[in-house]
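Below, chain A is the first sequence line, B the second, and so on; all start at residue 1.
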Protein chains: 2
Amino acid sequence: MLLPRPTSLTIGEGVFELTRTARIAAPGELFGAAAWLQGALRPATGFPLESGSDGVIALEWNPQLPAEGYTLDVEPGGVRIAGGGPAGVFYGCQSLLQLFPPEIYRRGRVVGVPWTLPVVSIQDAPRFGWRGVMLDVARHFMPKHDLLRFIDLMAMHRLNTLHLHLTDDQGWRVEIARYPRLTEVGSWRRESQLGAASYSRGDSRPHGGFYTQDDLREIVGYAMDRAINVVPEIESPGHTQAAIAAYPELGLGGDDEPLGVWTRWGIDDNVINLEESTVEFFTNVLDEVMEIFPSPFIGVGGDECPKNRWRLDERTQRRKEELGLETEEELQAWFIRRLDDHLYRHGRRLFGWEEILEGGLGSSVSEGATVASWRGTAGAIAAARAGHDVVSCPDDRVYLDYRQSDRADEPIPVGTVLTISDVYRFEPVPPELTPEEAGHVLGGQGNIWTEHMDSPRTVDYFAFPRLCALAEALWLEGERDYDEFTGRLDQHLARLDALGVEYRRSSGPLPWQQRPGVTGRPLTPQQRAAYFEPLTARIDR
Amino acid sequence: MLLPRPTSLTIGEGVFELTRTARIAAPGELFGAAAWLQGALRPATGFPLESGSDGVIALEWNPQLPAEGYTLDVEPGGVRIAGGGPAGVFYGCQSLLQLFPPEIYRRGRVVGVPWTLPVVSIQDAPRFGWRGVMLDVARHFMPKHDLLRFIDLMAMHRLNTLHLHLTDDQGWRVEIARYPRLTEVGSWRRESQLGAASYSRGDSRPHGGFYTQDDLREIVGYAMDRAINVVPEIESPGHTQAAIAAYPELGLGGDDEPLGVWTRWGIDDNVINLEESTVEFFTNVLDEVMEIFPSPFIGVGGDECPKNRWRLDERTQRRKEELGLETEEELQAWFIRRLDDHLYRHGRRLFGWEEILEGGLGSSVSEGATVASWRGTAGAIAAARAGHDVVSCPDDRVYLDYRQSDRADEPIPVGTVLTISDVYRFEPVPPELTPEEAGHVLGGQGNIWTEHMDSPRTVDYFAFPRLCALAEALWLEGERDYDEFTGRLDQHLARLDALGVEYRRSSGPLPWQQRPGVTGRPLTPQQRAAYFEPLTARIDR
């Protein structure tokens, strides 16, 4: 019935029928949730839900519940939702919506559907406090209104963290007042690589877009109204070519043409230099980012920074000596620590990919620094043991750009096969951890890298329904039963249909969801392991 | 200030400030507009607007006003909107929104903006009853949620008619229960022509999508809540290749491979046959369409049907004799008349392109049949003189796929140059008409053909801000002053910015709005006239 499945649900006798004379009642502090619920129920029902007296949907606080916990009681005479905090009340409202027929999700009047709810009693609270999605809006820009829709879809699944990957080699998507060229130059590229092979050609089509600071404030506020925290991410020291294209002084220079925004996919050799002026540039950027995003966590990236250019660059070698460092890994760690110092002084927590555990950094960044562990579980284990909080997002469980089956018609297939069932079995806490270490695992997130998703329609295809499975994996305490889940998922797909979500059908991609002739880069589990093992070996343990 | 400009607006002294303790008050019948206004004002302000008493926004009926007319009075102590009908009240609410700072259009809390309105008195009513947009969702499908957004943008501009071009050679976008292959087969094509030249290559990428009947009911209801009527269009007898691909028995047959959904742009020789079974097929389709769309007008197309295949086809020639007809134009007229009979019997009015005036049809279709006049004004003049209602949409004034300037960097430039100023000067009533004949001109519409708009982002670029100019041309009675308009347009663009509309900048296309290397087909006015003149000469006068 509900998805994610609630902690407990008891069905009673009878039904509650929502009618024109019903009303939503809430104390002033819960106006936000009440307004959301009105807005959600009105379009399909056509009911005002404002001043009737016939059936009351009452929203209330219950300070004895956890902040994200709620109870939902449907009786023939009325509905009561109590939450431990605004998020809990909001989730109670989301669950209420799922008790109605799926037509409730339509945004125009639906006639002939009885708006009845079964009598139920629900107690519910999530297992993890970080139930997230990383969305890469750098590789392909997602227009603001599409992003707001994506936030709605997250909220429907009681996900609470949107990790917004705002910058990368292929695009810089956040307006920075002090450095206007970041968006003037960095927000678009001449073309995009079509496919995932080294020989894949370009598509000859410019791509671009960016969010103004006002746009981002709006996104943050919209998400906050839906109990979602937006964690911004500004990548460095790798994945920075778009910034270098805008401000060449950030780069290593050289004899070549000035760098443009990158038009290829993959790991880019063009990384920033580590001069003091570059540190200052990034801390200045982070200052504006902190102005926009109230998130306690601020992402700095830190992943996949190739060190070979640093090794060959004289200025960087001098810098290394000057700083008394011995390896390029230490140099990277030094840079990340500078960002960490800056964020810490501003009361924020650094959020970075597991590579920030290399070069002795794990033991020297501030205690609050938090690690996104992505190449299997090695990073999660190392970070938790070093006393750092962890967000688990192992590629082979929750990288939603990985192919959804081994069919040949999957569009631009990359990575290993990652089915709904694989995602559903995702366990954020590695079994190697002691209970105390496990306490450092804040939760998990699915990562949506968009190299091969050039429109919101394609994001729909890759994200759903796997994101439904992920949401339940992060929400539900205790055993999960995949067979039982699939029954609820079938019902849930009717909700996604009503919302116009172009999810992947269990029968495979629809003809227009396919990309015939565009080469992917599928991996076997063995190939994947062979690639990652030497890399994760670099993590300090 | 407002766009479209209202009939009269008087600014007084002082301001009204919307606060947390304000309230929207409306009688039950106006709940729809009140709910819309709450939903529009709440996100940015964060105000409940439900039960306060400090400043009331009162919505009321005023039966002395025309149905779409309204008055809007802002006093320091409160706001009063009176409308002649639901549409009038709704337009009063839309105009109220425009009196606020543009940040009101943000969907997340905006802090630091005073929500003040100038004291004003506005009387307003539209000149025309048909203020429309034709959107071609056949050449490129627009996902439902994007279409709902487009409806919101229309409503903001007080446009009231969405002519939805649902079927064409390149795609069939409406689910028909009786003929499931129309969407199974007809809703997608193997690839799309990239550019407008005869030698333009295909893009090798499948394209598709369709609306379920529930989706369309939702779209209709959503539009209705915003005072917009949706006029569906099912093309015939030309522009039918997607239908023939699904049901080859509709076509003329021949020795070739079975037809697929067309992957080229232009005028297609593959038209339907005119057997009784084909008439029945289309009337059956129209029966389902009438079930979904309450619109008094039902579009049947009728444009650009090449007759050469009919001339060469033995069966069609026999059919012509059997029916006692002499020309292929008469044959087409006969087919359209059959559809007209059917619609008439169901209490609907046929809506067709001006080609339905060929072959003696103008004098034989039912009186209510209405003509969309598109190749200049010849069709409008002929139709009005024949006593038929007319919707003016001359290509050289309101075809929003035509290039916006003569710059070389306009994306896939087609047609003649059509600037904002050209659209602004659009006059739906040809000067040749007598006042009585002019009474047949219901209004006008802008046509958005999407051959070269493969995403909602591109539709934004072509539609805006020209659609703003069109909305005013159709709304405003009396003289229009382009210079004065441009001042208001500048203010209005801040509203579009807040909404994330990717309109064309006056400085030209942004880099990522360009399509370098993709060939268009620009025309000079002379080339255009030379193409159309022999065609419009066929219209019966």
Side-chain angles (χ1 to χ4, degrees), chain A residues 28 31-32 34-35 38-39 42-44 46-48 50-51 103 106-111 141 143-146 148-149 187-190 204-209 212 214-215 217-225 455-457 460 497-502 510-518, chain B residues 28 31-32 34-35 38-39 42-44 46-48 50-51 103 106-111 141 143-146 148-149 187-190 204-209 212 214-215 217-225 455-457 460 497-502 510-518:
Chain A
F31 150 67
Q38 265 186 358
R42 276 172 172 176
F47 300 158
E50 204 161 277
S51 51
E103 290 82 359
R106 299 264 174 200
R107 290 163 68 192
R109 199 76 44 91
V110 178
V111 295
F141 178 64
K144 186 190 71 182
H145 47 92
D146 292 304
L148 298 184
R149 169 180 174 268
S187 73
W188 69 280
R189 60 180 177 262
R190 203 171 31 77
S204 305
R205 182 171 188 172
H207 177 82
T212 66
D214 283 343
D215 289 342
R217 273 186 262 273
E218 178 183 2
I219 290 162
V220 165
Y222 188 87
M224 200 179 288
D225 286 346
S455 78
R457 297 185 73 181
D460 271 15
D497 282 329
L499 287 164
V501 175
E502 300 189 73
L510 295 167
W512 58 89
Q513 291 173 327
Q514 299 170 24
R515 298 296 302 275
V518 184
Chain B
F31 149 68
Q38 265 186 358
R42 276 172 173 176
F47 300 158
E50 205 161 275
S51 52
E103 289 82 1
R106 299 266 174 198
R107 291 163 69 193
R109 199 75 44 90
V110 179
V111 294
F141 178 65
K144 186 191 72 180
H145 47 91
D146 292 304
L148 298 183
R149 170 180 174 268
S187 73
W188 70 280
R189 59 179 176 262
R190 201 171 32 77
S204 305
R205 182 172 186 170
H207 177 83
T212 66
D214 282 342
D215 289 342
R217 273 186 262 272
E218 177 183 3
I219 290 162
V220 165
Y222 188 87
M224 200 179 287
D225 285 345
S455 78
R457 298 185 72 181
D460 271 15
D497 283 329
L499 287 164
V501 175
E502 300 190 72
L510 295 168
W512 58 90
Q513 292 172 325
Q514 299 170 25
R515 298 295 304 272
V518 184

Contact origin within [X] toward chain A - heavy atom pairs under 4.5 Å:
{"X": "B:Asp214", "result": "both"}
{"X": "B:Ala34", "result": "neither"}
{"X": "B:Leu499", "result": "backbone"}
{"X": "B:Ser455", "result": "neither"}
{"X": "B:Glu502", "result": "side chain"}

For A:Arg106, give me all partners under salt bridge (charged side-chain N to carboxylate O under 4.0 Å, His left out), at least two apart in sequence or on another chain.
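Applying salt bridge (charged side-chain N to carboxylate O under 4.0 Å, His left out) to A:Arg106 gives B:Asp215, B:Glu218.
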What residues, two or more places apart in sequence or in another chain, satisfy salt bridge (charged side-chain N to carboxylate O under 4.0 Å, His left out) together with A:Arg107?
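With neighbours one apart ignored, the set is empty.
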Please rank A:Gln513, A:His207, A:Arg149 by heavy-atom pairs under 4.5 Å with chain B and give me the top one.
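Looking at each of A:Gln513, A:His207, A:Arg149 in turn, A:Arg149 comes out on top.
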Among the listed options A:Gly221, A:Pro143, A:Gly39, the residue most often paired with chain B at heavy-atom distances under 4.5 Å
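Top count of heavy-atom pairs under 4.5 Å with chain B: A:Pro143.
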Taking the side chain as everything from C-beta on, heavy atoms only, tell me whether A:Phe141 gets closer than 4.5 Å to B:Arg457.
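Sidechains of B:Arg457 and A:Phe141: in contact.
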Can you give me the closest heavy-atom contact between [X] and [Y], atom names plus distance?
{"X": "A:Gly500", "Y": "A:Asp460", "value": "O-OD2, 3.9 Å"}
{"X": "A:Trp188", "Y": "A:Pro206", "value": "CE3-CB, 4.3 Å"}
{"X": "B:Gly208", "Y": "A:Trp512", "value": "N-CB, 3.3 Å"}

Taking every heavy-atom pair that is under 4.5 Å apart, which of B:Arg217, B:Arg109, B:His145, B:Gln38 has the most such pairs with chain A?
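It is B:His145.
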Between B:Glu50, B:Glu103, B:Gln514, the one whose heavy-atom pairs under 4.5 Å with chain A are most numerous
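It is B:Glu50.
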